[in-house]
Student: 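Take a look at this one; I'll ask things after.
These numbers come from the heavy atoms of this one structure, side chains and all, not from hydrogens, waters or symmetry mates. Along the sequence shown, the residues carry numbers beginning at 1.
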Amino acid sequence: MPDLLETNCPDLKLWRRGKVRDMYDLGDSLLMAATDRVSAYDVVMPNPVPRKGQTLTAISLFWFEHTRGIVPNHLLTADIGAMPSAVQAYGDQLKGRVMRVQKAERIDIECVVRGYISGSAWREYRQSGTVCGEPMPKGLLESQRLETPIFTPATKEDEGHDINISKAEMAKIIGQELANQLEQISVQLYESAAEYASERGIIIADTKFEFGTVDGEIILIDEVLTPDSSRFWPLDEFEPGRTQRSFDKQPLRDYLDTLDWDKTPPAPELPASVINGTSRRYQEAYELLVG
């Protein structure tokens, strides 16, 4: 299947293009199509990453089934043959990349769960001893496992970076009862996934979930527990006190950091070594998790 930077389905109603996914409105449902686009520093790169779209879709499908007993999700089918004929007409382009999903009322909060301290949480902790404004134990090391996973919400921004907020701020936005429910579900999802992944050689350092409601019921939406929405680390290489190797687009970020590029569009062309190295990271995560 050829690499795909952008879907081209003129007979379908395009709803929106994200950094990675193209969304189509099917009337009674949505079609999520994962392309091979890759972004860094909120800028989409000009080169596709081979098999990225299929790999992200396959990982999400696995986790949607794995977590179904914890919370319902929006997946209706990933079988092109079970989709409307208008979708089937683009089967050569879309096979393995798409999920037909329920329409839901999106809850505009990123539900982040952290089992280890890294990334923006580590940066805040070094400066103030807090994570999302909440005090943390003294003396933590970079990448250290936390005694219990912590829930650190963020705003859901359609453009640019999501903004970390406190749980109190989250409650002001969506109400205390819903905030409590989302925290409980998110932590339960994380703990279940982290236990499964560790048995297969992967540490899930942190991840983010998105939720919506259908007829008042909370459901899990978007992608779930992929290298784009999570930090996956090799268990056998883990060592607190440093940055960890990860199963994601780290080779891309590392390369971009060597350039004299101001992190604004247009993005630079990527060498084959970076593209292929990034592709291998995604596929390695899939093989370890799913087999």
Student: Just by distance, do the side chain of Ser198 and the backbone of Glu195 share a donor-acceptor pair under 3.5 Å?
Tutor: yes
Student: Are Met23 and Ile80 co-members of a hydrophobic cluster defined by side-chain heavy atoms under 4.5 Å apart?
Tutor: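 They do not share one cluster, since no chain of ILVMFWY contacts under 4.5 Å joins Ile80 to Met23.
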Student: With sequence neighbours excluded, tell me which residues meet side chain to side chain donor-acceptor pair (under 3.5 Å) with Ser128.
Tutor: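 Result, side chain to side chain donor-acceptor pair (under 3.5 Å) vs Ser128: Thr130.
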Student: Does a sphere of radius 6.0 Å around CD in Glu177 hold more than 12 heavy atoms from other residues, nucleotides or ligands, not counting ones at 6.0 Å or beyond?
Tutor: no
Student: Are side-chain N/O atoms of Ser29 and Arg100 paired as donor and acceptor at under 3.5 Å?
Tutor: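 Result is yes, a qualifying pair exists.
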Student: Between Phe209 and Trp63, is the gap from one ring center to the other below 6.0 Å?
Tutor: no
Student: Within the 4.5 Å heavy-atom criterion, are Met136 and Ile150 side-chain neighbours or not?
Tutor: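 Yes, their side chains come closer than 4.5 Å.
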Student: State, yes or no, whether a side-chain contact exists between Pro10 and Tyr90 at a heavy-atom distance under 4.5 Å.
Tutor: yes
Student: Just so I know, are the side chains of Arg281 and Pro227 near enough to count as touching, which here means a heavy-atom distance under 4.5 Å?
Tutor: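 Side chain of Arg281 against side chain of Pro227, heavy atoms only: no contact under 4.5 Å found.
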Student: Output yes when Arg37 and Asp22 qualify as a salt bridge under the 4.0 Å nitrogen-oxygen rule, no when they do not.
Tutor: yes
Student: Between Glu124 and Gly133, what is the shortest heavy-atom contact and its length?
Tutor: OE2-N, 2.9 Å
Student: Leu76, Leu26: one ILVMFWY side-chain cluster at the under-4.5 Å cut-off?
Tutor: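 No; tracing contacts between hydrophobic side chains, which count when under 4.5 Å, never links both residues.
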Student: Going by atom types alone, do Ser166 and Glu134 pair a side-chain donor with an acceptor below 3.5 Å?
Tutor: no
Student: To the closest 0.5 Å, what do you measure between OG1 (Thr226) and CD1 (Ile59)?
Tutor: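 Between atom OG1 of Thr226 and atom CD1 of Ile59 there are 6.5 Å.
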Student: Should Arg68 and Glu65 count as an ion pair when the cut-off is N to O under 4.0 Å?
Tutor: yes
Student: Group every Ile, Leu, Val, Met, Phe, Trp and Tyr by side-chain heavy-atom contacts under 4.5 Å, then state whether Val71 and Leu182 land in the same group.
Tutor: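 Yes, same cluster.
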Student: Look up atom CZ in Phe232 and atom CD1 in Ile202, then write down how far apart they are to the nearest 0.5 Å.
Tutor: 6.0 Å
Student: Check step by step if side-chain contact (heavy atoms from CB on, under 4.5 Å) holds for Ile221 and Val101.
Tutor: CA-CA 8 Å; Ile221 65 172; Val101 301; over 6 Å; no
Student: Which pair of non-hydrogen atoms, one from Asp248 and one from Gln250, has the smallest distance, and what is that distance?
Tutor: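 So the minimum-distance heavy-atom pair works out to OD1-N, 3.0 Å.
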Student: Please confirm whether the ring centroid of Phe62 lies under 6.0 Å from the ring centroid of Tyr196.
Tutor: yes
Student: Working to the nearest 0.5 angstrom, can you tell me the gap between Ser229 OG and Glu110 CD?
Tutor: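 Here the rounded value is 9.0 Å.
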Student: Taking the side chain as everything from C-beta on, heavy atoms only, tell me whether Arg200 gets closer than 4.5 Å to Leu235.
Tutor: no
Student: Quick one: does Glu287's side chain have a donor or acceptor within less than 3.5 Å of a partner on Ala285's backbone?
Tutor: no
Student: Before you tell me yes or no, could you show the steps for Thr35 and Glu6 under side chain to side chain donor-acceptor pair (under 3.5 Å), namely the whole-Å CA-CA distance, both residues' side-chain angles and the distance that decides it to 0.1 Å?
Tutor: CA-CA 6 Å; Thr35 70; Glu6 188 173 285; over 6 Å; no
Student: Check whether any side-chain heavy atom of Pro72 sits under 4.5 Å from a side-chain heavy atom of Glu217, and report yes or no.
Tutor: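 The answer is yes, as the side chains (C-beta and beyond) meet within the 4.5 Å cut-off.
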Student: When you measure from the side chain of Ser60 to the backbone N and O of Val224, does any donor-acceptor pair fall under 3.5 Å?
Tutor: yes
Student: Do Ile165 and Phe211 belong to the same hydrophobic cluster, where Ile, Leu, Val, Met, Phe, Trp and Tyr are linked whenever their side-chain heavy atoms lie under 4.5 Å apart, directly or via other members?
Tutor: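 As far as the 4.5 Å side-chain criterion goes, Phe211 and Ile165 are connected within one cluster.
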Student: With side chains defined as the heavy atoms from C-beta onward, is the minimum distance between Pro48 and Leu4 less than 4.5 Å?
Tutor: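 With C-beta onward as the side chain, the pair stays apart.
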Student: Which pair of non-hydrogen atoms, one from Leu75 and one from Leu61, has the smallest distance, and what is that distance?
Tutor: CD2-CD2, 3.6 Å
Student: Treating Lys249 as the side-chain partner and Ser39 as the backbone partner, does any N or O pair qualify as donor plus acceptor under 3.5 Å?
Tutor: yes
Student: Got a sec: does the CG of Asp28 have more than 12 other heavy atoms crowding it under 6.0 Å?
Tutor: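 Enclosed: over 12 neighbouring heavy atoms sit under 6.0 Å from CG of Asp28.
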Student: How long is the straight-line distance from CG of Leu94 back to CD of Gln54, given to the nearest 0.5 Å?
Tutor: 10.5 Å
Student: Spell out, as yes or no, whether a donor-acceptor pair under 3.5 Å connects the side chain of His74 to the backbone of Lys103.
Tutor: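 The answer is no, because no donor-acceptor pair under 3.5 Å joins these two groups.
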Student: Taking it one step at a time, do Lys167 and Phe151 satisfy side-chain contact (heavy atoms from CB on, under 4.5 Å)?
Tutor: CA-CA 8 Å; Lys167 289 191 286 186; Phe151 179 73; 3.8 Å; yes
Student: Going by side-chain contact (heavy atoms from CB on, under 4.5 Å), Arg21 matches just one of Thr7, Leu31, Leu56. Which one?
Tutor: Leu56
Student: At their closest point, which heavy atom of Ala40 faces which heavy atom of Trp261, and how far apart are they?
Tutor: O-CH2, 4.3 Å
Student: Is it true that Asp42 and Lys263 make a salt bridge, defined as a side-chain N closer than 4.0 Å to a carboxylate O?
Tutor: no
Student: Spell out, as yes or no, whether a donor-acceptor pair under 3.5 Å connects the side chain of Thr155 to the backbone of Ile163.
Tutor: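 At least one qualifying donor-acceptor pair exists.
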Student: Would you name the heavy atoms of Gly81 and Gln88 that are closest together and state the gap between them?
Tutor: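 Heavy atoms only, the tightest pair is O-NE2, 3.3 Å.
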Student: Out of curiosity, Glu239 CD to Leu141 CG, how far, rounded to the nearest 0.5 Å?
Tutor: 10.0 Å
Student: If we ignore angles and hydrogens, is there a donor and acceptor under 3.5 Å between the side chains of Asp262 and Tyr41?
Tutor: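 Not at all, the side chains of Asp262 and Tyr41 share no donor-acceptor pair under 3.5 Å.
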Student: Could you walk me through whether Arg145 and Ile203 satisfy the side-chain contact (heavy atoms from CB on, under 4.5 Å) test, starting with their C-alpha distance in whole Å, then the side-chain angles of each, then the deciding distance to 0.1 Å, before giving a yes or no?
Tutor: CA-CA 10 Å; Arg145 182 176 182 175; Ile203 290 172; over 6 Å; no
Student: Side chain of Tyr125, backbone of Leu140: donor and acceptor closer than 3.5 Å?
Tutor: yes
Student: Ignoring hydrogens and geometry, is there a side-chain-to-backbone donor-acceptor pair from Ser192 to Leu189 under 3.5 Å?
Tutor: no
Student: Mark yes when over 12 heavy atoms from residues, nucleotides or ligands other than Glu147 sit less than 6.0 Å from its CD; otherwise mark no.
Tutor: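 Result for CD/Glu147: open.
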Student: Within this structure, what is the CZ-OH distance for the pair Arg231 and Tyr116, rounded to the nearest 0.5 Å?
Tutor: 13.5 Å
Student: Do you know the tightest heavy-atom contact between Val113 and Val187?
Tutor: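 Here Val113 and Val187 meet closest at CG2-N, 4.0 Å.
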Student: With side-chain contact (heavy atoms from CB on, under 4.5 Å) as the test, would you mind laying out the steps for Val274 and Asp254 before giving the verdict?
Tutor: CA-CA 9 Å; Val274 171; Asp254 291 345; over 6 Å; no
Student: Kindly work out whether a path of hydrophobic side-chain contacts (I/L/V/M/F/W/Y, heavy atoms less than 4.5 Å apart) joins Val44 to Val49.
Tutor: no
Student: Please check if the side chain of Thr57 supplies one atom and the backbone of Gly53 the other of a donor-acceptor pair under 3.5 Å.
Tutor: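 The answer is yes, because a donor-acceptor pair under 3.5 Å joins these two groups.
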Student: When you check the gap from the basic side-chain N to the acidic O, do Asp228 and Lys52 get nearer than 4.0 Å?
Tutor: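 The answer is yes: the pair qualifies as a salt bridge.
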Student: Looking at Phe247, I'd like to know if the NZ or CZ of Arg245 sits under 6.0 Å from its six-membered ring centre while staying within 45 degrees of the ring's axis.
Tutor: yes
Student: Could you check whether any side-chain N or O of Gln93 sits under 3.5 Å from a backbone N or O of Asn8, counting only pairs where one atom can act as donor and the other as acceptor?
Tutor: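 Yes, because the side chain of Gln93 sits within donor-acceptor range (under 3.5 Å) of the backbone of Asn8.
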Student: Answer with yes or no whether the side chains of Asn180 and Gln176 bring together a donor and an acceptor at under 3.5 Å.
Tutor: yes
